[in-house]
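Here is the structure we will look at, set down as structure tokens.
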Amino acid sequence: MKWMRWYALSLCVVLSGSLRAAEQASTSSGPTATQSASAPLESGATGAPGSDVSALPLDLPAPTPATTDAPDMAAGSITQATVSNITLAQMGQPLGLALSGGQLQAGINFTLPSDEVITTAQLVLNLKVSPALAARNTTLQLMMNGQPLGTVPLGSAQSDDTTYQMDVPAALVVSSNNLSFKINDGDALLCQRELTDKYQVTILPTTHLELEGQQLNIGSDLSHFPRPFFDTMQMTPASISIAFPEKFTPDEVSAAALIASWMGIQADYRGVSFDVQTNTLPEKNGILIGAPGDIIAGVQLPQSNGPLLQVIDNPGNPVYKLLLVVGKDDSQLRAAAWRLTRGQFKPQTASLAVKPQAIPVSKPYDAPRWITTARPVRLSELIRKDQSMTVTGIWHDVLRVAFRAAPDLFLWDGDTIPMRISYRFPSENWIDEDKSYLNLTFNNTFLHNLPVNKQGILESLWHKLGGDARQERADIPLEPYMIYGDNQLSLYFNITPKASAPCGVLLNNNIKSRIDEDSWIDLSHTRHFAQLPNLSYFVGASFPFTRLADYSQTALLLPSYPNDAQIATLLDLAARSGNATGTALNHNRVLFGLPEGGANKAWLDSRDILAVSTLGEEAFNRAVLADSPFMTSDHTLGVREPSHWQKIKRWVEGNWNLNGLEADRYFSSNEAWRGFVSYRSPWNDQRVVVMAIGSNDDQLSRLHTDLMSAKINAAIRGDAAVITDENGVRSFRVGPQFPSGQLPWYMRIIWYANQHSAMLAILGLILSMVVGLALYSALKRRARNRLNPESDS
């Protein structure tokens, strides 16, 4: 049977790794099951041996993939070695783990791709130990999946940051894992209540596992998709190869953008990038998109009268797979790509003829990952499936409630967003209720400390008399400017024991604190209104293109003959959009070059435009930027000098802070750069154009890495952003903005007056002068007639 052959091969790999560990054990010293790690490496040092874990038991369960699929294993399937690293930050702890006198142990769960068998593993442990804890000669015990790995002597730390290396038995590393840490001096530190920061060890986020393994052949089966191209079990960024025939069409790139956006949804926090190849086969797993009969590096796509999906072995190595997406035209390719993202293929399906598909169309602001503005939303609706609104013990993890919102939410000045927090502390007599609080932060901004009991003279008196003064609800207003595209509310029950509380209760995990179901945030009073263009909206949520999340009102524009780097950048941006909204670009439309007429020209007249280019595409850039504040000349991007009429118009509209000259000088002073420019669409004055552009293909390709940086994202704003390796990000406001959204005309007048109070004052002064002069002239003439009545005759 297939599963028996697969299990036997996996077991052989495990036993070979175990035998190697046993051979190493014969030369190692020390017979104990959990021995101390070797002497630490100082920061930056290399070459220290790992801890001695050779005495660990070898009768461990085989590292079977965490899946019920039955791969079609053939002889010699495990032929491809894999090498990977996974850091503590990628495991979900970007700040690392801190252990102290209050919290003596902690653990972290992580997963690995289910189609790999680990043969060699090493843990590189980076620690920061406080001097007081190092002086106590304590040890740190490590465990993997319930099995001890070894102990680390914390007293040997000679600097702030210390590095240890420990060999991990390969048999311990499976698809789903738990890595735990414990300070062994727990009894002595248990009652150090006021010195928890003094006795502390931090497992730094750079701590990582170095893994080597073997790639399993999962067979040619569509039911595994998105494996092997992307595995939801992996916690590291993914890179997916997409190949086109030598003469590819916009329809094929459009299908690739649909698939890329769906991959962005699956990748979520991990991130995903795309390697585009033309008439070249991917070295490993890859997706091939083309028409029936097209040839890509010797692989001919199957003949078909309709859309087709098929998985085949990679001719270069049958362990890797090629996914063929085949269709004659836009409708067939779109149907095949959309069917691929629906999943639910029957097992052992290597090829599928796709039937006609009815693809739904998005409505404005219906992105499933955006919080709704139609009603109050309970916090329990926003947490992940693996989260709970209840925490146990005194020391616990912070409860993080994350949600995304449309970036153009609007409220009048003075209005706030209501939020209600219903909570309940444990009712133990050893808890100091006067010093215990529920800490609230929103997007790293402190909001409030909610007390256990109601505050006030009468409430305090009633509580001392034995009355119930518990506060279990609080209404907290949020300022509109605090809401971003990506938001996080953090709640922590900071429970303080009384000084007389016995040490044993400090580790009491039987107590529970919880956030009740009647906790919500209400965005129903907001409107969708903003000034465009605004690049901060684009990098944060791909807005305004994501107003309709399937891009049914967006045109994707590439040069007439786009290269691999330009298409890869477009696919990266499509993946970011899917990740931001949770909707694939089911109705995107790709155009090569700027159409001069026909249906494609009409398409531009009614849609927002996302373009990708480099300075080498001189003719394309000149056409796209023809009626914009930007211009291109001699492979250089610059800013146009506004005409006198434009200067007057900008002055009247109150756009006094434009810095086009400064931006033009910065463009001309940098040889290698990449970035974004945005402006009001010359084809439709209610639409926006955003262009991702680089000085060359290499610079353009770096945009993906740039946008993975929160620091760079925060610095991109205005309508022109330039990124260089030397200076980071420089943003400028070059052209005027225009209002866009759901605000009615009479409210827009009030809004405009509020935004341009100085201009309103000037206009009022001018009007007063005109009216005053007119009245003065009329009154003077009337006085002259009254004093000289004979002049009337």
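No experiment lies behind these values; they were computed from the predicted model shown.
Applying the ring-ring contact (aromatic ring centres under 6.0 Å, His included) test to Phe274 and every residue at least two apart in sequence or in another chain returns nothing. Applying the ring-ring contact (aromatic ring centres under 6.0 Å, His included) criterion to His396, with sequence neighbours excluded, gives Tyr492. Residues satisfying the ring-ring contact (aromatic ring centres under 6.0 Å, His included) criterion with Tyr437, sequence neighbours excluded, are absent altogether. Residues passing the salt bridge (charged side-chain N to carboxylate O under 4.0 Å, His left out) test with Arg342, sequence neighbours excluded: none. For Phe538, the ring-ring contact (aromatic ring centres under 6.0 Å, His included) partners at least two apart in sequence or on another chain are Phe545, Phe676.
In this structure the side chain of Leu450 reaches within 4.5 angstrom of the side chain of Ile476, judged on heavy atoms. Side-chain atoms of Val590 and Leu557, non-hydrogen and from C-beta on, never get closer than 4.5 Å to each other. For the pair Leu703 and Ile723, the minimum side-chain heavy-atom distance is below 4.5 Å. A 4.5 Å side-chain heavy-atom check between Leu379 and Met389 finds at least one atom pair inside the cut-off. Trp683 places a side-chain heavy atom less than 4.5 Å from the side chain of Val689. By the 4.5 Å heavy-atom criterion applied to side chains, Val688 and Ser681 are not counted as neighbours. For the pair Met263/Ile240, a side-chain contact is recorded, criterion being any heavy-atom separation below 4.5 Å from C-beta on. A heavy-atom distance below 4.5 Å is not found between the side chains of Leu409 and Leu411.
Checking side-chain atoms of Asn443 against main-chain N and O of Gln488 turns up a donor-acceptor pair under 3.5 Å. Thr202 places no side-chain N or O within 3.5 Å of a backbone atom of Leu204 that could act as its donor or acceptor partner. Proximity of a side-chain donor or acceptor of Gln200 to a complementary backbone N or O of Leu99 within less than 3.5 Å is not detected. Judged by distance alone, the side chain of Arg424 and the main-chain N or O of Ser513 form no donor-acceptor pair under 3.5 Å.
Here Ile417 contributes atom CD1 and Ile521 contributes atom CD1; the two are 6.0 Å apart, rounded to the nearest 0.5 Å. We find the OG-CG distance between Ser388 and Leu399 to be 8.0 Å, quoted to the nearest 0.5 Å. Atoms CD1 and CG, from Ile495 and Asp432 in turn, are 11.5 Å apart once rounded to the nearest 0.5 Å. Atom CD1 in Ile483 sits 5.5 Å away from atom CG in Leu478 (nearest 0.5 Å). Going from atom CG of Leu658 over to atom CG of Asp719 covers 8.0 Å, rounded to the nearest 0.5 Å. The CE atom of Met235 sits 5.5 Å away from the CD1 atom of Ile86 when rounded to the nearest 0.5 Å.
Atom CG of Asn444 is surrounded by 12 or fewer heavy atoms from other residues, nucleotides or ligands within 6.0 Å.
Contact record, Ser175 with Ser114: OG-CA, 3.7 Å, taken as the closest heavy-atom pair. Of all non-hydrogen atoms in Leu382 and Val401, the two that sit nearest each other are CB-CG1, 3.6 Å. Ala267 and Val272 get closest at one heavy-atom pair: CB-CB, 3.9 Å. In this structure, Met233 and Ser176 approach most closely via the heavy-atom pair CE-OG, 3.6 Å. Nearest heavy-atom pair, Tyr365 versus Gln742, reported as atom, atom and distance to 0.1 Å: CE1-NE2, 3.9 Å. When all heavy atoms of Ser606 and Arg687 are compared, the pair lying nearest together is O-NH2, 3.2 Å.
Aromatic ring centroids of Phe529 and Trp751 lie under 6.0 Å apart.
For the side-chain hydrogen bond (donor to acceptor under 3.5 Å, both in side chains) condition, no pair includes a residue of residues 258-269, sequence neighbours left out. Pairs passing the salt bridge (Lys or Arg N to Asp or Glu O under 4.0 Å) check and including a residue from residues 509-519, sequence neighbours excluded, read Arg473-Asp518, Arg514-Asp516. Applying the salt bridge (Lys or Arg N to Asp or Glu O under 4.0 Å) test to pairs two or more places apart or on separate chains, none has a residue in residues 743-759. Contacts classified as side-chain hydrogen bond (donor to acceptor under 3.5 Å, both in side chains) and involving residues 523-535 (residues at least two apart or in different chains) are given here: Asp408-His528, Asp522-Ser524, Asn534-Ser536. Residue pairs satisfying the salt bridge (Lys or Arg N to Asp or Glu O under 4.0 Å) criterion with at least one member in residues 392-405, sequence neighbours excluded, are absent.
Inspection of the Asn684 and Asp605 side chains reveals no N or O donor paired with an N or O acceptor under 3.5 Å. Side-chain contact annotation: Asp608 with Thr554, donor-acceptor N/O pair under 3.5 Å absent.
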Please list, one pair per line, the donor and acceptor atoms closer than 3.5 Å that link side chains of residues 88-98 to other protein atoms, with sequence neighbours excluded.
from	atom 1	to	atom 2	distance (Å)
Gln90	OE1	Thr87	N	3.1

Enumerate donor-acceptor pairs with a distance under 3.5 Å from any side-chain N or O in residues 707-714 to protein atoms, sequence neighbours excluded.
from	atom 1	to	atom 2	distance (Å)
Ser709	OG	Lys711	N	3.4
Ser709	OG	Ile712	N	3.3
Asn713	ND2	Leu707	O	3.1

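The aromatic rings of Phe425 and Tyr423 sit perpendicular to each other, their planes meeting at more than 60°, with 30° as the lower class boundary.
Both tests hold for Arg607 against Trp603: distance to the six-membered ring centre under 6.0 Å, angle to the ring axis within 45°.
Between Lys454 and Glu433 there is no salt bridge, since no side-chain N of the basic residue sits under 4.0 Å from a carboxylate O of the acidic one.
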